[in-house]
Peer 1: 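First the structure, which I've put down as structure tokens, then a few questions once you've had a look.
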2 protein chains.
Amino acid sequence: MHITYKGDYALKTILALSLHYGSGPTTIHDLARRADIPIKFLEQILLDLKRGGFVESRRGKVGGYLLSRPPQRIKLGEVVRFIDGEVEPIACVDNKYKGCKDISKCVFRNIWQDVARATFKIVDNITFEDLAKKEKKLHTALTYQI
Amino acid sequence: MHITYKGDYALKTILALSLHYGSGPTTIHDLARRADIPIKFLEQILLDLKRGGFVESRRGKVGGYLLSRPPQRIKLGEVVRFIDGEVEPIACVDNKYKGCKDISKCVFRNIWQDVARATFKIVDNITFEDLAKKEKKLHTALTYQI
DNA sequence: TGTATACTCTACTAACATAATAGAGATTAT
DNA sequence: ATAATCTCTATTATGTTAGTAGAGTATACA
Ligand code: FES
Ligand code: FES
């Protein structure tokens with residue numbers, strides 16, 4: 001698994017929309033400013049997320065983006081997989097790798113599958129509701145700290 | 001973590017040398033043929049592995065490559081890290097990522113660290129002796145099967 | 001119905017990484 | 001000597017990443 005800038009931006013955007021869930025749409029401009037993402041890049045990412053069924057959009061004045069599902073029903077792993085592709089460390093786990101003549105004779109395959117499973121266990125058990133809660137706590141903690 | 005062709009080839013080469021440990025050098029040509037690796041590519045990989053302290057070479061006739069340590073002292077994770085770089089899913093875990101203004105405010109960081117730790121736990125607990133044993137068993141099993 | 005505000009879509013590009021390939025050079029056993 | 005083998009630097013083709021550019025479409029509301 002490798003998280004690209006695009007992937008990271010997507011996650012931050014879904015998190016921002018999660019914090020705003022139930023309170024109307026947020027504009028691209030707003031999302032870009034809050035997470036420090038190049039606006040034209042974010043436009044594309046949001047269109048991808050829309051095609052992936054993660055967000056909905058409203059056009060025109062008072063438009064913007066909203067989550068199409070509540071945050072507790074969006075898992076971290078779903079978004080990562082959709083934007084950055086497979087979570088596996090090598091494509092042979094998913095049969096897209098040509099380096100091994102015979103997969104059944106490869107001692108590495110099971111290891112990469114173990115790594116993949118360990119990763120799934122983490123990213124598929126965290127929802128954006130969990131992340132939103134963490135974010136709120138973190139913000140409170142930092143405020144008190146100052 | 002993403003295993004490239006180069007990384008996979010390096011692992012297969014170290015495994016081949018592990019199986020041959022204690023019986024003199026193996027030539028590039030031999031290693032390339034056995035693991036089906038482009039020979040000129042493998043030349044470079046072996047030079048890298050030499051610089052990394054994993055293998056030694058003998059030049060001239062009766063030359064070739066040998067492991068510079070016994071297989072039980074070479075861990076899978078060492079080779080992966082050396083050839084394919086950090087095992088972390090995003091460079092921010094290692095402070096090379098510019099996407100997060102303030103790492104202390106990022107709810108994702110701990111998650112990527114968890115993924116990294118889970119991966120370490122696997123790849124840093126497997127030695128090439130383990131892999132060589134697995135390979136031998138696999139070969140025996142397949143031979144009996146036929 | 002005009003217009004400002006916002007999303008939509010396609011194309012393009014610079015920089016970098018990957019997976020090799022090419023070829024001349026250095027070393028050693030026999 | 002010479003054949004076999006490793007050594008080193010350059011080059012290249014292909015693909016991916018991280019954007020940028022610009023014209024187009026929809027909607028609220030005065
Ligand atoms: S089948 Fe995946 S590395 Fe061999
Ligand atoms: S610090 Fe790693 S994604 Fe924010």
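Just the heavy atoms: all of them, side chains too, but no hydrogens, waters or symmetry mates, feed the values below.
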Peer 1: Identify whether the distance between the nearest side-chain nitrogen and carboxylate oxygen of B:Glu78 and B:Arg69 falls below 4.0 Å.
Peer 2: yes
Peer 1: Can you give the first and last nucleotides of DNA chain C, 5' to 3', that have an atom under 4.0 Å from a heavy atom of chain A?
Peer 2: C:dT5 to C:dA11
Peer 1: Considering all heavy atoms of both residues, which atom of B:Thr13 and which atom of B:Leu31 are nearest to each other, and what is their separation?
Peer 2: CG2-CD1, 4.0 Å
Peer 1: Assess, by modelled atom type and distance only, whether the side chains of A:Lys75 and A:Thr127 contain a donor and an acceptor separated by less than 3.5 Å.
Peer 2: no
Peer 1: I'd like to know if B:Asp102 and B:Arg109 make a salt bridge, using a cut-off of under 4.0 Å between side-chain N and carboxylate O.
Peer 2: no
Peer 1: Assigning hydrophobic clusters by single linkage (Ile, Leu, Val, Met, Phe, Trp, Tyr; side-chain heavy-atom cutoff under 4.5 Å), is A:Leu66 placed with A:Phe82?
Peer 2: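 Different clusters: A:Leu66 never reaches A:Phe82 through Ile, Leu, Val, Met, Phe, Trp or Tyr contacts under 4.5 Å.
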Peer 1: Salt bridge or not for A:Asp114 and B:Lys121, using N-O below 4.0 Å?
Peer 2: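 A salt bridge is absent here (no side-chain N lies under 4.0 Å from a carboxylate O).
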Peer 1: Each nucleotide N or O in nucleotides 11-16 of chain D that has a protein N or O under 3.5 Å away: list the pair and distance.
Peer 2:
none

Peer 1: Any Lys/Arg nitrogen of A:Lys12 or A:Asp36 sitting under 4.0 Å from an Asp/Glu carboxylate oxygen of the other?
Peer 2: no
Peer 1: I need the residues from residues 59-71 of chain B with at least one non-hydrogen atom less than 4.0 Å from DNA chain D; give them sorted by number, or say none.
Peer 2: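 The answer is B:Arg59, B:Gly60, B:Lys61, B:Gly63, B:Gly64, B:Tyr65.
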Peer 1: Is it the case that B:Arg73 places NZ or CZ above or below the six-membered ring of B:Phe128, under 6.0 angstrom from the centre and within 45 degrees of the axis?
Peer 2: no
Peer 1: Are the side chain of A:Ser68 and the backbone of A:Phe54 linked by a donor-acceptor contact shorter than 3.5 Å?
Peer 2: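 Looks like yes, one N/O pair under 3.5 Å.
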Peer 1: Determine, for A:Asp130 against A:Lys133, whether the closest basic-nitrogen to carboxylate-oxygen distance falls under 4.0 angstrom.
Peer 2: no
Peer 1: Please report the distance, rounded to the nearest Å, between CD in B:Glu43 and P in D:dC6.
Peer 2: 8 Å
Peer 1: Determine the interplanar angle of the A:Phe108 and A:Trp112 rings, folded into 0 to 90°, and report it as parallel if under 30°, tilted if 30 to 60°, perpendicular if over 60°.
Peer 2: parallel
Peer 1: Can you tell me if CZ on A:Arg81 sees more than 12 non-hydrogen neighbours from other groups inside 6.0 Å?
Peer 2: yes
Peer 1: Rounding to a whole Å, what distance do you find between B:Leu46:CG and D:dC8:P?
Peer 2: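 So the CG-P distance, B:Leu46 to D:dC8, works out to 13 Å.
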Peer 1: Going by heavy atoms closer than 4.0 Å, what residues in residues 14-41 of chain A are next to DNA chain C?
Peer 2: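 Those residues whose heavy atoms fall under 4.0 Å from DNA chain C, taken from residues 14-41 of chain A in numerical order, are A:Thr26, A:Thr27, A:Ile28.
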Peer 1: Hey, which of these two, B:Gln44 or A:Ile3, hits DNA chain D nearer its 5' end, going by closest nucleotide?
Peer 2: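 Closest to the 5' end, via its nearest nucleotide, is B:Gln44.
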Peer 1: Could you check how far CD of B:Glu56 sits from C1' of D:dC6, rounded to whole Å?
Peer 2: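 Between C1' of D:dC6 and CD of B:Glu56: 14 Å.
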Peer 1: Which residues satisfy the side chain to side chain contact (heavy atoms under 4.5 Å, CB included) test with B:Arg34, sequence neighbours excluded?
Peer 2: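 With neighbours one apart ignored, the set is B:His20, B:Thr26, B:Asp30.
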Peer 1: Can B:Glu129 and B:Lys134 be counted as an ion pair, charged N to O under 4.0 angstrom?
Peer 2: no
Peer 1: Go through it in stages, so that I can follow the logic: the residues are A:Arg51 and A:Asp48, the test is side-chain contact (heavy atoms from CB on, under 4.5 Å), and I'd like the CA-CA distance, side-chain angles, deciding distance and then a yes or no.
Peer 2: CA-CA 5 Å; A:Arg51 289 178 200 120; A:Asp48 275 357; 3.1 Å; yes
Peer 1: Specify the angle, to 10°, made by the local axes at the two ends of the helix from C:dT1-D:dA30 to C:dT30-D:dA1 when five pairs are taken at each end.
Peer 2: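 Terminal axis comparison yields 0°.
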Peer 1: If we only count heavy atoms from C-beta on, is the B:Ile14 to B:Ser18 side-chain gap below 4.5 Å?
Peer 2: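 Touching, per the 4.5 Å side-chain cut-off.
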Peer 1: Grab the CG-P distance between A:Leu47 and D:dG19 for me, whole Å please.
Peer 2: 17 Å
Peer 1: Rounded to whole angstroms, how far apart are CG on A:Asp8 and P on D:dG19?
Peer 2: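 Nearest whole value for this atom pair: 11 Å.
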Peer 1: Using whole Å, what does the distance between atom C1' of nucleotide D:dT17 and atom OH of A:Tyr5 come to?
Peer 2: 11 Å
